[in-house]
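Have a look at the structure below, then the notes.
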Amino acid sequence: MELRVREDTPMSRDITPRIPAIAASLHDKFLRSHCSSCFRPLSSSSTLQPTITNPLLSCVACSSSIHYCSPDCAAADWYRHAASGECGLFILHPRSPAGDTTDVRVALRLLHSFDRLGLLPSSPPSRDSPRRIGGLLATGFIDVMDEGGELAERIEDGAALMIQARNPRMSGACSLERASIEGEILWAVMTNAVEVEIGELGGVGVAVYGPCFSWFNHSCSPNACYRFELSSGNKGHELRPSEVFPAGGAGEALDMWKMWQDYTDNGLADGLSWFGPRIIIRTIKPLSKDDEVCIAYTDILQPKALRHFDLWSRYRFVCYCERCCISPQMYIDTILSNPMSENNKFSESQLLEVSSYLEEILAEYMSNGNSEECCQKLGNMLSDGFHNKFSEAFESRFWLHPLQFVSQKAYIALSSAYRIQANNFDYTDLRFGEVLKSFKMARSSAACSLLAAGASLHLFMFETSIMLNTTVLWIDAGESFLYLLRIARYLGKLLEPGFSLAFVSSHFTVAEDKCKSTEDLLVVSAHFIDRVSHIMINLWPFLSHGHSYLECIKNPVNFSWLNMTNGYGRQEFSGRKCREWEYTVEWSDMHQLAVCSLMYGKYLANIFHGPESHLSVKAGGLLECILKRLL
């Protein structure tokens, strides 16, 4: 099914109302810190905390496994929690034996909602025809179960838990035939649910939306994106007609679309989650009348092989969008996939092996929390290159250039790990040695953050669909510079800057008002690259000092020096190296870099998610800190 726009539509425009979820649940780890109805953090006020004297704010039946922030939230959600079987699941399995139970709990709520709305199928699934349940695509269920393996086992176990939770008196194993509807609903959750990302915490839960959202197709070069907003439960609050329509919809499909339109536009359905995360679709490119609107189901800042692997393993389809089918492949995919080696080629299997090696390092880091060891391993990977590290398939030595997908993920991880190490030292302690250690770690974090942002921006100039990645990375880079400046002040190296913000401020304010096309966006971005490249002349040798994988990079923002034909010349370029205290750093340049990064990030956030979005508000708050000198 395709969803198309009714009329010519500019970029940066919301084209759907705030769509309520059919079913939504917090991840297990957020059940005690967030409201299970509206998804907001629980207040620290004792009057809003679940207590014996205030039982409505938690479910006593399942030993307070879920909590609510207000009586209104409790009244809106408690019946669904109890009647769906979610409460029964917690009673039977209070310790979550199968790990995170989010998908199972969302499936219980979805099954309950479809039952109340009369949308459960009356016939068993068929292998020969597309299968929709309540408008949600559930095709492929039989094939997945016939294939067996980990996914089929996960569905079987989840369906069994659902049956036991809905029918507490039933014990023991149940047959797949008995669990068919539960298994199908769980499969529908796996293939239609989206991660609810709110603020700094990222993914706090999972939600399933009706055809008004789930019918948007995927593209690796999307022209729209989505964001979440938390609702207070008013069914008619800011609802408006959708600006999209189903193309080629007829018969049952068209009837289903009209039904869900009535539900979301007029607030008719009691089965919907009116409290909690609502989803909005926003254009990121100009659209002509009848253009199909596509979003991304996976991280599109990945090479084609990894995107296809992810899409098949999660959704069971192969993408045939223009970016995936064009021959020769687009510049962005060539750069993301290939390393720098003697033959300058990577097979898909080699790419997957290198990516898996990185994932192993990150998984070990997440498990043991050893940030120093993680930095050492990632640094060695980037500095030393690879030679027969994985298999005999790697016949020549190769390095990963700074634009390669694995390199970018490594820079992001390094930035985070170095920041954690910097936090391990108390830089407010005036002992010079402690402050210096924290300063060095913060400098390394800022350098890696800047390089990741610069690499993303370079690719963004060729594929603007990766705007979200670029937005997040530049705001993170600006925040990293601020953190470094705070520590530098304690070192006594920071003088009060006497520079003007007029150039940066006026440039981005005017550009934001006039940005109505992709061409306008690219002009602003090119100007930003020129500005930051000029600042980098003196700052980059200082930031990259002490790390060979950074010192070999001439400019972290403008990659015109990177010769992709003859190799990336690790020997041709040797960055100007400095001894420990021979830095000639203009700290006003560092302030200017922080301001530029945050303003550009805010500029992209306004286009991508809107001026009221979390990212835009965050960037604005950090800019205020600079302007008020609250470092």
Side-chain angles (χ1 to χ4, degrees), residues 1-2 21-25 84-86 89 98-167 170 173-195 206-211 213-218 251-253 255-257 260 271 297-298 308-320:
M1 190 65 68
E2 297 179 358
I22 311 174
S25 289
S84 67
E86 182 182 54
L89 179 66
D100 191 280
T101 61
T102 309
D103 282 352
V104 173
R105 290 185 287 109
V106 173
L108 284 168
R109 286 172 172 256
L110 183 62
L111 181 56
H112 171 71
S113 293
F114 279 167
D115 192 17
R116 293 187 67 184
L117 296 171
L119 296 177
L120 292 178
S122 57
S123 59
S126 169
R127 193 191 304 273
D128 302 326
S129 59
R131 176 75 159 178
R132 292 188 182 273
I133 304 177
L136 303 181
L137 189 64
T139 302
F141 173 69
I142 295 178
D143 292 334
V144 168
M145 300 310 295
D146 287 348
E147 287 174 10
E150 184 178 344
L151 181 56
E153 183 178 348
R154 180 182 166 194
I155 293 174
E156 286 186 353
D157 293 344
L161 283 175
M162 291 173 66
I163 290 178
Q164 293 175 26
R166 299 178 72 215
N167 305 274
M170 181 176 294
C174 58
S175 67
L176 180 59
E177 181 180 356
R178 174 66 185 85
S180 179
I181 186 60
E182 285 82 4
E184 270 200 284
I185 291 293
L186 184 55
W187 173 242
V189 168
M190 292 178 177
T191 54
N192 289 274
V194 287
E195 189 82 7
V206 168
V208 177
Y209 297 86
F213 171 74
S214 66
W215 285 8
F216 285 101
N217 285 329
H218 163 83
E252 183 179 348
D255 291 341
M256 185 65 66
W257 172 263
W260 282 107
Y297 291 4
T298 187
H308 280 211
F309 177 82
D310 190 29
L311 291 170
W312 178 257
S313 61
R314 294 176 62 187
Y315 304 106
R316 284 300 192 270
F317 75 85
V318 177
C319 181
Y320 291 101

* Asked: Out of curiosity, M162 CE to E86 CD, how far, rounded to the nearest 0.5 Å?
  -> 11.5 Å
* Asked: So Y209 and F213, would you call those rings parallel, tilted or perpendicular, with 30° and 60° as cut-offs?
  -> perpendicular
* Structure fact -> In terms of heavy-atom contacts, A138 and A188 come closest through CB-CB, 4.4 Å
* Evaluate the side chain to side chain contact (heavy atoms under 4.5 Å, CB included) criterion for residues L136 and L110: first the C-alpha distance (whole Å), next the side-chain angles of each, then the deciding distance (0.1 Å), finally the verdict. => CA-CA 11 Å; L136 303 181; L110 183 62; 4.0 Å; yes
* First locate atom CG of L119, then atom CE of M256, and finally report the distance between them rounded to the nearest 0.5 Å. => 5.5 Å
* Apply side chain to side chain contact (heavy atoms under 4.5 Å, CB included) to R131 and S123, showing your working. => CA-CA 10 Å; R131 176 75 159 178; S123 59; 3.7 Å; yes
* To the nearest 0.5 Å, tell me how far I142 CD1 sits from S180 OG. => 8.0 Å
* Asked: Any donor and acceptor pair, going by atom type alone, linking the side chain of S84 with main-chain N or O of H112 inside 3.5 Å?
  -> no
* To do: Test M190 against every option in L151, V144, I185, V206 by the side-chain contact (heavy atoms from CB on, under 4.5 Å) rule and name the one that passes.
  => L151
* Asked: Are the charged groups of R154 and D103 less than 4.0 angstrom apart, N to O?
  -> yes
* Asked: What are the two closest heavy atoms between A165 and L89, and how far apart are they?
  -> CB-N, 3.6 Å
* Structure fact -> Rounded to the nearest 0.5 angstrom, the OG1-CD distance for T139 and E184 is 9.5 Å
* Considering all heavy atoms of both residues, which atom of T102 and which atom of S25 are nearest to each other, and what is their separation? -> CG2-O, 3.9 Å
* So with a 6.0 Å cut-off around CZ of F309, is the heavy-atom count from everything else above 12? -> no
* Start with the C-alpha gap between T191 and L137, add the side-chain angles, then the distance that decides, and say whether side chain to side chain contact (heavy atoms under 4.5 Å, CB included) holds. => CA-CA 8 Å; T191 54; L137 189 64; over 6 Å; no
* Take L111 and L120, measure what side chain to side chain contact (heavy atoms under 4.5 Å, CB included) needs, and give me the verdict at the end. => CA-CA 8 Å; L111 181 56; L120 292 178; 3.6 Å; yes
* Asked: What distance separates F317 CZ from H308 NE2, expressed to the nearest 0.5 Å?
  -> 8.5 Å
* To do: Report the relative orientation of the aromatic rings in Y297 and H218; use parallel for angles under 30°, tilted for 30 to 60°, perpendicular for over 60°.
  => tilted
* Spatial distance of atom CD (E182) from atom CG (L108) [nearest 0.5 Å] -> 8.5 Å
* Asked: What is the minimum heavy-atom distance between A193 and V208, and which atoms define it?
  -> CB-CG2, 3.8 Å
* Heavy-atom check, side chain of T298 versus side chain of Y315, under 4.5 Å -> no
* Asked: Considering all heavy atoms of both residues, which atom of A21 and which atom of A24 are nearest to each other, and what is their separation?
  -> CB-CB, 4.2 Å
* Do I181 and P121 have side-chain heavy atoms sitting under 4.5 Å apart? -> yes
